[in-house]
Amino acid sequence: MATCSSIVWFRRDLRLEDNPALIAATRSGSVIPVFIWCPAEDGQFHPGRVSRWWLKQSLMHLDTSLRSLGSPLIMRKADNTLSMLLEIVEATGATQVFFNHLYDPVSLVRDHSVKQGLTEQGISVHTFNGDLLHEPWQVYDDNGQAFTVFNAYWQKCLNLPYEPEAPVLPPRRLTGPIGKILSCSAEELGLEDSSEKSSNALLARAWCPGWSYANKSLEAFLQGSLLEYATNRQKVDGVTTSLLSPHLHFGELSVRKLFYEVRTKQVTWTREANAVGEQNVTLFLRSIGFREYSRYLSFHFPFTHERSLLANLKSFPWRMDEAYFKAWRQGRTGYPLVDAGMRELWATGWLHNRIRIVVSSFFVKFLQLPWRWGMKYFWDTLLDADLECDVLGWQYISGSLPDGHELDRMDNPQVEGYRFDPDGEYVRRWLPELSRLPTEWIHHPWDAPLTALRAAGVELGTNYPRPIVEMGVARERLQASLAEMWEREAASKAILANGLEEGLGETTEVPGTGGPFHERMDVHTVVVRQLPTHSGSFLRDRLVPVLPTTSQLQAAASILHQSIPVEEDIEEAVAALPPSVPSASADLSMAGHSRPLEGHVQGFADRSQSGQEAAARLDLDFNSTAESGVRESAESDGRAVPVWSPSVLSHAQLQASAECVVPEIANVRRGSFSRRLTQSMLRANQETSSLSA
DNA sequence: GAAGTTTTGTA
DNA sequence: ACAAAACTT
């Protein structure tokens with residue numbers, strides 16, 4: 001057995017400690033640690049600049065650690081992950097591949113085909129849970145259905161038998177492969193292009209990527225802000241969160257270890273009758289719960305990165321307004337709290353979770369922009385960009401979840417400003433043009449008397465914009481749009497009913513809309529329709545608005561005279577962040593991306609890991625629904641746009657993701673939803689079976 | 001002490 | 001937005 005050579009395929013588990021794939025491989029002989037950078041497979045979800053910067057640093061750190069144990073990290077850039085793995089297998093004579101599970105839609109699909117491809121070549125593949133407390137297929141409600149509300153899900157998780165064990169220590173020594181294996185440096189992977197380096201240099205002042213720094217961040221958090229997590233949760237300015245999220249995203253820190261450490265703390269505090277401390281832990285664990293839940297949703301509802309979980313908003317008339325979108329990105333909406341947040345995001349890649357909620361809520365409800373645009377922007381710009389959390393966050397805010405905010409709940413940025421930034425310091429830090437405005441007016445400069453504005457050097461409409469949409473107008477517009485949506489839905493329902501009677505089934509078209517209703521909120525489709533004369537590549541770029549490059553941003557900034565943080569401001573801003581050390585990042589991000597590879601199937605339960613029953617069920621599903629992938633959706637103008645066709649785990653989920661069979665939930669309010677969803681999924685499933693029979 | 005008003009919490 | 005809690009009268 002000592003002669004057996006194993007590849008450990010690192011992905012987003014860039015740590016030595018508590019890494020099940022690495023531990024298992026170490027037991028079976030010599031270890032070849034591998035990282036493959038394969039941008040071609042990321043599609044639309046190619047990581048943004050700051051995220052790639054983090055990855056690069058983290059890889060260098062991991063490589064150093066692995067080297068000192070005796071087996072350096074093999075880094076390769078590839079067009080196809082499977083081919084590259086096979087090439088490395090060939091070169092090293094490895095007979096086994098070990099890796100930890102991922103749950104985002106891209107990885108689910110890729111990992112399944114990789115596993116299949118390796119197995120076909122006689123390589124034995126072993127996969128593990130290195131990212132979650134519980135695998136998504138281990139948690140179901142009393143009816144055996146997947147949860148669709150968070151509280152019930154998290155309650156169940158907390159009640160599952162789970163005795164946190166002390167994290168497994170890193171291996172002491174690794175036996176490396178014999179002979180030299182082709183590899184490149186982290187630099188040569190091309191994670192950072194030369195135009196990005198100067199901006200990225202600033203990031204290193206505030207953050208230390210790498211698994212051992214993640215441990216230090218954890219330590220700092222346990223000793224520091226965990227104590228006051230609950231009370232400080234509201235404070236948007238200053239270091240009050242764990243700052244662990246980028247470390248968690250890249251798996252530099254094991255969630256199981258985090259859970260273990262935090263729980264241990266909680267036990268201590270309970271013994272000391274420290275009720276406040278105990279409460280703090282409960283709240284923090286809840287935010288870990290949201291991270292778990294994001295994976296859970298992504299796994300069970302693999303279409304949620306591009307379509308709402310609920311079908312209730314499928315005919316909502318989102319505004320495809322590029323100018324609004326741009327004003328939001330640049331922090332020029334005229335609402336100081338929103339703008340401060342967007343400037344901070346722009347400059348640092350970081351936002352307090354509270355501010356993420358504020359800006360995303362404004363995005364959806366004041367501007368009525370499609371949530372997927374916002375999700376993509378977060379994916380492109382956040383340091384802790386994480387697809388599953390991104391999806392969960394935006395669906396939560398946009399009224400697409402049974403237990404999220406409803407779409408017609410409009411939060412007032414002025415009110416939120418005084419609640420979360422009572423002294424206006426946060427706004428002053430990020431909006432220098434308002435820095436001299438007294439607190440009285442800082443969150444609503446449009447009400448300020450001219451004398452006050454003049455004294456503060458503020459000229460509304462010139463160096464700081466007036467509100468892009470007034471609150472009252474926004475409210476009316478939202479109501480009107482909702483009314484329009486109800487109308488469309490009623491019409492749709494009537495026609496669908498007719499259609500079914502006539503046996504037309506699910507693809508009924510509604511006259512005058514050019515297609516099934518759900519497509520009206522589909523970014524791809526609508527934009528294509530609006531821009532029918534442009535070229536293919538232009539269209540592709542437009543599928544989802546793309547983050548401008550730094551130079552484009554700077555150009556825009558100079559045109560817009562002042563107030564956009566360009567380099568100097570960024571520097572100042574970053575300097576104002578938590579000083580050097582890994583302060584730990586924590587609030588879980590709403591980050592995201594979206595999009596497809598070709599033909600694959602999804603799912604990857606590992607027999608040895610996840611229990612016979614689950615594995616058997618998933619395997620069965622692979623076999624029965626194995627064909628899915630990119631399909632072409634023919635537009636009315638004849639242009640074909642690739643559309644992600646979700647891979648499928650079960651018939652019920654297939655139905656949930658097939659647009660016209662999406663459950664009827666328009667009027668269902670929170671709470672009562674879950675059961676109805678599953679029931680109507682089942683009903684839809686049965687109907688379809690009988691139709692096809 | 002009941003009824004009305006304001007604040008707080010919700011991710 | 002809305003409900004529940006806290007606070008006033």
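Residue numbers start from 1 in every chain, and the chains themselves are labelled A, B, ... in the order their sequence lines are given, proteins ahead of strands.
In this structure, CG of A:Asn151 is placed 10 Å from C1' of B:dA11, rounded to the nearest angstrom. Between A:Phe150 atom CZ and B:dT10 atom C1' there is a gap of 13 Å when expressed in whole angstrom units. In this entry the distance linking CZ of A:Arg419 with P of B:dA11 reads 13 Å, nearest Å. Spacing between atom OH of A:Tyr153 and atom P of B:dA11 amounts to 16 Å, rounded to whole angstrom units. A:Leu482 places its CG atom 13 Å from the C1' atom of C:dA1, with the value rounded to the nearest Å. One can place CD1 of A:Ile357 at 11 Å from P of B:dT10, the figure rounded to the nearest angstrom. Look at OH on A:Tyr418: it is 16 Å from P on B:dT8, rounded to the nearest Å. For the pair A:Ile288 CD1 and B:dA11 C1', the computed distance is 14 Å after rounding to whole Å.
Look at A:Arg475 and you'll find a side-chain N or O under 4.0 angstrom from OP1 or OP2 of C:dA1.
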Tabulate below the donor-acceptor pairs under 3.5 Å that side-chain atoms of residues 250-259 of chain A make, not counting sequence neighbours, or state none.
{"residue": "A:Glu252", "atom": "OE1", "partner": "A:Gly210", "partner atom": "N", "Å": "3.0"}
{"residue": "A:Glu252", "atom": "OE1", "partner": "A:His247", "partner atom": "ND1", "Å": "2.6"}
{"residue": "A:Glu252", "atom": "OE2", "partner": "A:Trp54", "partner atom": "NE1", "Å": "2.7"}
{"residue": "A:Glu252", "atom": "OE2", "partner": "A:Ser58", "partner atom": "OG", "Å": "2.6"}
{"residue": "A:Glu252", "atom": "OE2", "partner": "A:Gly210", "partner atom": "N", "Å": "3.1"}
{"residue": "A:Ser254", "atom": "OG", "partner": "A:Asp18", "partner atom": "OD2", "Å": "2.5"}
{"residue": "A:Ser254", "atom": "OG", "partner": "A:Arg256", "partner atom": "N", "Å": "3.2"}
{"residue": "A:Ser254", "atom": "OG", "partner": "A:Lys257", "partner atom": "N", "Å": "3.0"}
{"residue": "A:Arg256", "atom": "NE", "partner": "A:Leu132", "partner atom": "O", "Å": "2.9"}
{"residue": "A:Arg256", "atom": "NH2", "partner": "A:Leu133", "partner atom": "O", "Å": "2.9"}
{"residue": "A:Lys257", "atom": "NZ", "partner": "A:Glu17", "partner atom": "OE1", "Å": "3.2"}
{"residue": "A:Lys257", "atom": "NZ", "partner": "A:Glu17", "partner atom": "OE2", "Å": "3.1"}
{"residue": "A:Lys257", "atom": "NZ", "partner": "A:Asn215", "partner atom": "OD1", "Å": "3.1"}

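Looking at A:Arg295, A:Arg356, A:Arg291 one by one, the single match for salt bridge (Lys or Arg N to Asp or Glu O under 4.0 Å) with A:Asp386 turns out to be A:Arg295.
Here A:Tyr426 pairs with A:Glu344 under the side-chain hydrogen bond (donor to acceptor under 3.5 Å, both in side chains) rule; sequence neighbours left out.
Stacking between A:Phe290 and the base of B:dA11 is present: ring centres sit under 5.5 Å apart and the planes differ by under 30 degrees.
Using a 30° and 60° split on the angle between ring planes, A:Phe325 and A:Phe363 fall in the perpendicular class, above 60°.
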